[in-house]
Colleague: 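Questions regarding the structure given below will be posed in turn.
Numbering of residues begins at 1 and proceeds along the displayed sequence. Both counts, for ligands and for their atoms, begin at 1 and track the order of listing.
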Amino acid sequence: MALYIGLMSGTSLDGVDGALADFSDAATRTLAAAYVPFPMELRAELMALQAAAPNELEREALAAQQIAIHYAQCVAELLRQSGVAAAAVSAVAAHGQTIRHRPELGFTRQTNNPALLAELCGIDVIADFRSRDVAAGGQGAPLVPAFHQALFGVNGLRRVVANIGGIANISVLHGDGRVDGFDTGPGNVLMDGWIARHQGREYDADGAWAAAGTALPALLAALLAEPYFALPAPKSTGRDLFHMDWLDAHLRAFQDAAPADVQATLTRLTAVTLARAVAQYGGGADAVYICGGGAYNGTLLRELAAALDGKVAVASTEALGVAPNRVEALAFAWLAYRFKQRLAGNLPAVTGAAGERVLGALYPR
Ligand SMILES: Nc1ncnc2c1ncn2[C@@H]1O[C@H](COP(=O)(O)OP(=O)(O)OP(=O)(O)O)[C@@H](O)[C@H]1O
Ligand SMILES: CC(=O)N[C@H]1[C@@H]2OC[C@@H](O2)[C@@H](O)[C@@H]1O[C@H](C)C(=O)O
């Protein structure tokens with residue numbers, strides 16, 4: 001048995017997704033999956049810590065403790081569900097919460113308290129997966145393409161995997177061992193912010209509100225003028241760029257826009273930027289397989305299919321046997337598995353790092 005737990009809390013800031021996997025015999029078997037939401041106060045604090053804030057050193061340290069406590073609850077739930085003992089698990093991969101991502105300045109910061117987590121769960125903890133890639137001149141993100149290749153790559157088949165979380169990223173698996181991958185831009189982050197402001201809801205369930213509006217071509221064109229979209233890969237982004245102030249700055253010229261029409265435009269923005277990335281790097285793919293929470297937004301999936309002009313099919317990773325909301329947590333479990341064997345976790349062609357590197361830092365149990 002090669003049992004590993006992956007814990008991922010992403011840019012949506014909603015909570016932690018966990019998965020317990022067995023990687024023995026070169027397979028990936030999911031033994032349990034769990035989600036532990038963060039309380040509202042922690043979400044608000046993590047949101048506040050995305051930008052310069054008073055007394056942020058102390059506040060960051062306290063938020064890190066809370067993250068470790070919720071991570072430990074997720075670990076306990078995975079062990080309970082599976083009946084696996086803590087002692088049988090080789091390591092827990094704990095991503096932490098990205099609060100700054102500035103690879104161009106040589107750093108990326110995932111708030112976390114892996115020492116506390118090791119103390120609470122009594123299992124080796126591997127944390128800080130991105131820093132080594134950044135130290136080697138890379139973006140430190142996205143990291144999931146290597147796992148997408150390991151899990152979904154098939155010789156002779158070109159496949160695209162799109163992870164639509166807060167931010168969206170694609171992996172192009174060329175079918176000959178080559179992999180391209182980068183962050184395409186906003187996934188759900190702007191749609192979530194907009195519906196929270198207007199309806200006090202966390203997200204637009206199934207894209208129903210967006211479907212009630214009509215995308216505004218002029219606003220869409222203004223949003224698409226963002227220079228990030230035209231940058232060549234390797235590239236990565238986050239809330240550092242795509243936040244509500246960014247949206248508000250563009251909306252100043254569209255004061256009369258109906259809120260539902262803005263939501264429809266934001267949904268189309270995610271779809272169009274993803275489709276352009278697929279057309280540029282993944283032409284000829286048999287399908288785009290969607291994972292991440294965006295896989296549950298029917299309007300977004302229809303918009304994506306339309307933006308792809310019917311040239312590439314849109315499916316969920318469910319079609320490949322993996323539930324879309326499990327893929328990221330599994331990916332980090334796999335990175336911990338790689339760490340334990342001192343094998344590289346990054347793909348230099350994706351992140352732009354000078355070479356392959358073992359990713360993570362160990363906090364022994
Ligand atoms: N039923 C649903 N309908 C529409 N959207 C949904 C639904 N369920 C989840 N989502 C969207 O998915 C988001 C969460 O996705 P996910 O957990 O993949 O993000 P994340 O891991 O935080 O982000 P990232 O991949 O950027 O790190 C929610 O914030 C919401 O926007
Ligand atoms: C710095 C950071 O945390 N980036 C996240 C974020 O969320 C999605 C996208 O932006 C991706 O680049 C990355 O996460 C995924 C899991 C990755 O590394 O592949």
Colleague: Heavy atom under 4.0 Å from ligand 1: found in Val189's side chain, backbone, both, or neither?
Modeller: neither
Colleague: Answer yes or no: is there a donor N or O on one side and an acceptor on the other, between the side chain of Asn112 and the main chain of Ala64, under 3.5 Å?
Modeller: no
Colleague: Output yes when the distance from some N or O of ligand 1 to some N or O of Ser9 is under 3.5 Å, and no in every other case.
Modeller: no
Colleague: Does Arg252 make a cation-pi contact with Phe254, if we ask for NZ or CZ under 6.0 Å from the ring centre and within 45° of the axis?
Modeller: no
Colleague: Give the residue and atom name of whichever protein heavy atom lies nearest to atom 6 (C) of ligand 2, and the separation in Å to one decimal.
Modeller: Thr11 CG2, 3.8 Å
Colleague: Quick check: does Phe332 get an N/O under 3.5 Å from an N/O on ligand 2?
Modeller: no
Colleague: Checking side-chain contact (heavy atoms from CB on, under 4.5 Å) for the pair Thr265/Met191: CA distance, chi angles, key distance, verdict?
Modeller: CA-CA 9 Å; Thr265 310; Met191 298 186 260; over 6 Å; no
Colleague: Which residue supplies the protein heavy atom nearest to atom 1 (C) of ligand 2, what is that atom called, and how far is it?
Modeller: His101 ND1, 3.3 Å
Colleague: For ligand 2, does Asn169 get within less than 4.0 Å through its side chain, its backbone, both, or neither, judged by non-hydrogen atoms?
Modeller: side chain
Colleague: Which value, rounded to the nearest 0.5 Å, describes the distance between Leu216 atom CG and Leu223 atom CG?
Modeller: 9.5 Å
Colleague: Going by an N to O cut-off under 4.0 Å, is there a salt bridge joining Glu318 and Arg326?
Modeller: no
Colleague: Does any N or O in the side chain of Arg338 come within less than 3.5 Å of the main-chain N or O of Ala344, such that one atom is a donor and the other an acceptor?
Modeller: yes
Colleague: State, with a plain yes or no, whether a side-chain heavy atom of Ile164 is found less than 4.5 Å away from one of Leu274.
Modeller: yes
Colleague: Give the single entry among Thr184, Asn163, Asp183, Val327 that approaches atom 10 (O) of ligand 2 most closely by any heavy atom.
Modeller: Asp183
Colleague: For ligand 1, which is the ligand I care about here, please tell me if Leu13 has any N or O atom under 3.5 Å from one of the ligand's N or O atoms.
Modeller: no
Colleague: Looking at residues at least two apart in the chain, or sitting in another chain, which of them share a ring pair (Phe, Tyr, Trp, His ring centres under 6.0 Å) with Tyr281?
Modeller: Phe182
Colleague: Which atoms of ligand 1 have any heavy atom of Asn297 under 4.0 Å away?
Modeller: 4 (C)
Colleague: Could you list which atoms of ligand 1 come closer than 4.0 Å to a heavy atom of Asp17?
Modeller: 17 (O)
Colleague: Does Arg102 pair with Glu104 as a salt bridge, N-O distance under 4.0 Å?
Modeller: yes
Colleague: Using a strict 4.0 Å cut-off to heavy atoms of Ile167, name the atoms of ligand 1 that fall inside it.
Modeller: 26 (O)
Colleague: Taking only heavy atoms of Met8 into account, list the atoms of ligand 1 that are under 4.0 Å away from them.
Modeller: 27 (O)
Colleague: Classify the angle between the aromatic ring planes of His198 and Trp194 as parallel (below 30°), tilted (30 to 60°) or perpendicular (above 60°).
Modeller: tilted
Colleague: Name the closest protein heavy atom to atom 1 (N) of ligand 1, giving the residue it belongs to and the distance to 0.1 Å.
Modeller: Tyr296 CB, 3.5 Å
Colleague: Say whether Glu328, considering both its backbone and side-chain N or O atoms, lies within less than 3.5 Å of an N or O atom on ligand 1.
Modeller: yes
Colleague: Distance under 4.0 Å to a non-hydrogen atom of Thr237: what atoms of ligand 2 satisfy this?
Modeller: 10 (O)
Colleague: So, regarding Gly292 and ligand 1 (criterion: nitrogen or oxygen to nitrogen or oxygen, under 3.5 Å), is there a contact or not?
Modeller: no
Colleague: Among all protein heavy atoms, pick out the one at the shortest distance from atom 14 (C) of ligand 1; state its residue, atom name and that distance to 0.1 Å.
Modeller: Ser12 OG, 3.4 Å
Colleague: Look at the side chain of Lys235 and the backbone N and O of Tyr228, then say whether any donor-acceptor pair between them is shorter than 3.5 Å.
Modeller: yes
Colleague: Would you confirm whether Arg159, through its side chain, and Val154, through its main-chain N or O, come within 3.5 Å as a donor-acceptor pair?
Modeller: no
Colleague: Looking only at protein heavy atoms, identify the closest one to atom 26 (O) of ligand 1 and say how far it is in Å.
Modeller: Thr11 OG1, 2.3 Å
Colleague: With sequence neighbours left out, what residues match Glu60 under side-chain hydrogen bond (donor to acceptor under 3.5 Å, both in side chains)?
Modeller: Thr111
Colleague: Identify whether the distance between the nearest side-chain nitrogen and carboxylate oxygen of Glu56 and Arg59 falls below 4.0 Å.
Modeller: no
Colleague: Considering heavy atoms of the protein only, find what lies nearest to atom 7 (C) of ligand 1 and give residue, atom and distance to 0.1 Å.
Modeller: Tyr203 CE1, 3.3 Å
Colleague: What protein heavy atom sits nearest atom 29 (O) of ligand 1, and how far off is it?
Modeller: Asp192 OD2, 2.6 Å
Colleague: Under 4.5 Å between any side-chain heavy atoms of Val327 and Asn163, yes or no?
Modeller: no
Colleague: Of all the atoms in ligand 1, which lie at a distance below 4.0 Å from a heavy atom belonging to Asp206?
Modeller: 2 (C), 3 (N), 4 (C)
Colleague: Between Trp334 and Phe147, what is the ring plane arrangement, given parallel below 30°, perpendicular above 60°, and tilted in between?
Modeller: tilted
Colleague: For ligand 2, which atoms sit closer than 4.0 Å to a heavy atom of Thr98?
Modeller: 1 (C), 2 (C), 3 (O)
Colleague: Quick one: which ligand 2 atoms are inside 4.0 Å of a heavy atom on Val144?
Modeller: 16 (C), 17 (C), 19 (O)
Colleague: Before accepting this row, confirm whether a basic side-chain N of the pair Arg158/Asp176 lies closer than 4.0 Å to the acidic partner's carboxylate O.
Modeller: no
Colleague: Around atom 18 (O) of ligand 1, find the nearest protein heavy atom and jot down its residue, atom name and distance.
Modeller: Gly293 N, 2.9 Å
Colleague: Heavy-atom pairs closer than 4.0 Å: do any link ligand 1 to the side chain of Glu202, the backbone, both, or neither?
Modeller: neither
Colleague: Using a 4.0 Å heavy-atom cut-off, which part of Ser236 comes near ligand 2: side chain, backbone, both, or neither?
Modeller: neither
Colleague: Counting heavy atoms only, which of Arg130, Lys235, Met8 is nearest atom 13 (C) of ligand 2?
Modeller: Arg130
Colleague: Would you say the ring centroid of Phe152 lies under 6.0 angstrom from that of Tyr289?
Modeller: no
Colleague: Give me the residue, atom name and distance of the protein heavy atom closest to atom 23 (O) of ligand 1.
Modeller: Gly166 N, 3.0 Å
Colleague: Could you check atom 17 (C) of ligand 2 against the protein and tell me its nearest heavy-atom contact, residue, atom and distance included?
Modeller: Leu143 N, 3.2 Å
Colleague: I'd like to check which ligand 2 atoms, numbered from 1 as shown, lie under 4.0 Å from a non-hydrogen atom of Ala141.
Modeller: 12 (O)
Colleague: Can you list the atoms of ligand 2 that are under 4.0 Å from a heavy atom of Glu328?
Modeller: 15 (C), 16 (C)
Colleague: How long is the straight-line distance from CG of Leu78 back to CG of Leu7, given to the nearest 0.5 Å?
Modeller: 7.0 Å
Colleague: Would you call Ala205 a ligand 1 contact, heavy-atom distance under 4.0 Å?
Modeller: yes
Colleague: Closest non-hydrogen protein atom to atom 4 (C) of ligand 1, residue and atom name please, with distance?
Modeller: Asp204 O, 3.2 Å
